[in-house]
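Only heavy atoms go into these numbers, but all of them, side chains included; no hydrogens, no water, no symmetry mates. Start at 1 and go down the list; that is how both ligands and their atoms are numbered. Index from 1, following the sequence.
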Amino acid sequence: MANTPASNTATSSHALPSYLNPEHLGAWGIYLQQVDRVTPYLGSLSRWVETLKRPKRALIVDVPIELDNGTMAHFEGYRVQHNTSRGPGKGGVRFHQDVTLSEVMALSAWMSIKNAAVNLPFGGAKGGIRVDPKTLSRGELERLTRRYTSEIGIIIGPTKDIPAPDVNTNEQIMAWMMDTYSMNEGATASGVVTGKPVALGGSLGRREATGRGVYTVGQEAAQHIGLDIGQARIAVQGFGNVGGIAAKLFAQAGATVVAVQDHGGTVYKAAGLDVPALLHHVSAHGSVQGFEDGDTLPDAQFWGVDCDILIPAALEQQITAANAHLIQARMVIEGANGPTTPEADDILHERGILVVPDVIANAGGVTVSYFEWVQDFSSFFWSEDEINARLVRIMREAFAAIWQVADEHRVSLRTATFIVACTRILQARELRGLYP
Ligand code: GLU
């Protein structure tokens, strides 16, 4: 495939490997398009933009484990450090059967943007293993996690790159990661991962932080478009740590959660789903399937549900050119990373639907990860009220700054967030200069 003129700059005279090509489909291709859209707004810093179009470092690891039945299985794992100009790499680890290198590259790049957008002193990184963790026993999952941590141990560390939970990973997995890294180092290194159990140096409020951040920016955005949260009808895709918590907070504020979709199906109730009961059902049965206090909808009908706020909080590329015209909401708040394709972004924009992009909407998780990392370094722990208050302040200030940039340049909130973030990253890049 030929290089496009955009990639054929003075700094990249050689043909790009296929996975870096802007025509590459999937999450990485989407990220590259987002960078291209922002480049005209970067002024003289645009001479450094190529640095954003390739990860600094990508490690592919073989993760062999012994299964409970005595046979051996091999899984492929990754850790990608997209950029470290503003500080150590930071970003989660996902365990999912569809994980690929280029997906992890895109997720690591979105972490660079997100961390810079809320002005955390971190670069961007992400990791993953291509595995369906539901097929593993607890012992197999622990062995998988420990071997993966050992393999990526050569590039992570409290001042180098700090993993955290993401899709299908949790506090227990972070505890195993912290322990494995610490055993290899010969010293307990609690700051090597965030999202740990509170008993191991984790932070109060971390588990709810991403959902709380989604709710906070939702409140701010609603004010701007004159939407009363107390009267709003909400539809949520994904009912885990992000969608479940966000739905709970919106419902507590008086909103009506009319539809919830997850991997098990779609439930709908025009008068409002009982969110605590649905959370209880999901923790007992693993999905919304079988919840009796509501109707079951065919999955495709979820997108056309009559609502004011749509929260995609599952996986990438859910809102596409095929369903964007069905959406009834006045705004979309991206709890997931990369849920909207660029074509769908344009359709929503033309239809006057406000999109609050992932790189600000779901930044609450990594913001409290930052608090956890700071607490671990100082071994001094804050109260939950203090954490939530600081989280809300950072999210509100970041959102207000991005709204102003969007207004100034007449661009979408996504492009505005990229302008703010890329400017910060490339300023740091320029100040540090090239080594050697
Ligand atoms: N996985 C989360 C995200 O996508 C959190 C990352 C972190 O806390 O480092 O933002």
- Item | Row check, W176 ring normal vs R143 NZ/CZ: under 6.0 Å, within 45° | no
- Query: Is the number of heavy atoms from other residues, nucleotides or ligands within 6.0 Å of CZ (F122) greater than 12?
  - Reply: yes
- Would you tell me which option among T169, N337, V193 has the nearest heavy-atom contact to atom 4 (O) of ligand 1? N337
- Message: Show the atoms of ligand 1 that are less than 4.0 angstrom away from any heavy atom in M111.
- Response: 3 (C), 4 (O), 6 (C), 10 (O)
- Message: Test of understanding: given a 4.0 Å heavy-atom threshold, classify the contact between E372 and ligand 1 as side chain, backbone, both, or neither.
- Response: neither
- Residues Y78 and E76: side-chain donor-acceptor under 3.5 angstrom: yes
- Message: Any donor-acceptor pair under 3.5 Å linking the side-chain atoms of K114 with those of T417?
- Response: no
- Item | Check: K90 N/O within less than 3.5 Å of ligand 1 N/O | yes
- Query: What residue and atom, counting heavy atoms only, is the protein's closest point to atom 3 (C) of ligand 1, and at what distance?
  - Reply: K114 NZ, 3.3 Å
- Sidechain N-carboxylate O distance under 4.0 Å for E316, R94: yes
- Of all the heavy atoms in R94, does at least one lie under 4.0 Å from an atom in ligand 1? no
- Message: Quick one, Y31 with H82, criterion ring pair (Phe, Tyr, Trp, His ring centres under 6.0 Å). Give me CA distance, side-chain angles, the key distance, then yes/no.
- Response: CA-CA 12 Å; Y31 164 74; H82 172 260; 5.7 Å; yes
- Contact partition for R206 relative to ligand 1, non-hydrogen atoms under 4.0 Å: side chain
- Item | ligand 1 to P165 polar contact by distance, N or O atoms, under 3.5 Å | yes
- Item | Enumerated ligand 1 atoms positioned under 4.0 Å from heavy atoms of D166 | 1 (N), 2 (C), 4 (O)
- Message: If we set the cut-off at 4.0 Å for heavy atoms, which region of L107 has an atom near ligand 1: side chain, backbone, both, or neither?
- Response: neither
- Looking only at protein heavy atoms, what sits closest to atom 7 (C) of ligand 1 is A164 CB, 3.3 Å
- Message: Let's go through Q261 and T266 carefully: what are the C-alpha distance in whole Å and the side-chain angles of both, what is the deciding distance for side-chain hydrogen bond (donor to acceptor under 3.5 Å, both in side chains) to 0.1 Å, and is it a yes or a no?
- Response: CA-CA 4 Å; Q261 176 173 86; T266 306; 2.8 Å; yes
- Query: Would you call G195 a ligand 1 contact, heavy-atom distance under 4.0 Å?
  - Reply: no
- Task: Please report which non-hydrogen protein atom sits nearest to atom 8 (O) of ligand 1, along with the residue it belongs to and the distance in Å to one decimal place.
- Result: S369 OG, 2.5 Å
- Message: One thing to verify: whether D161 and R79 come together as a salt bridge, which I'm taking to mean a side-chain N less than 4.0 angstrom from a carboxylate O.
- Response: yes
- Message: Looking only at side-chain N and O atoms, does S369 offer a donor or acceptor that is under 3.5 Å from a partner on R206?
- Response: yes
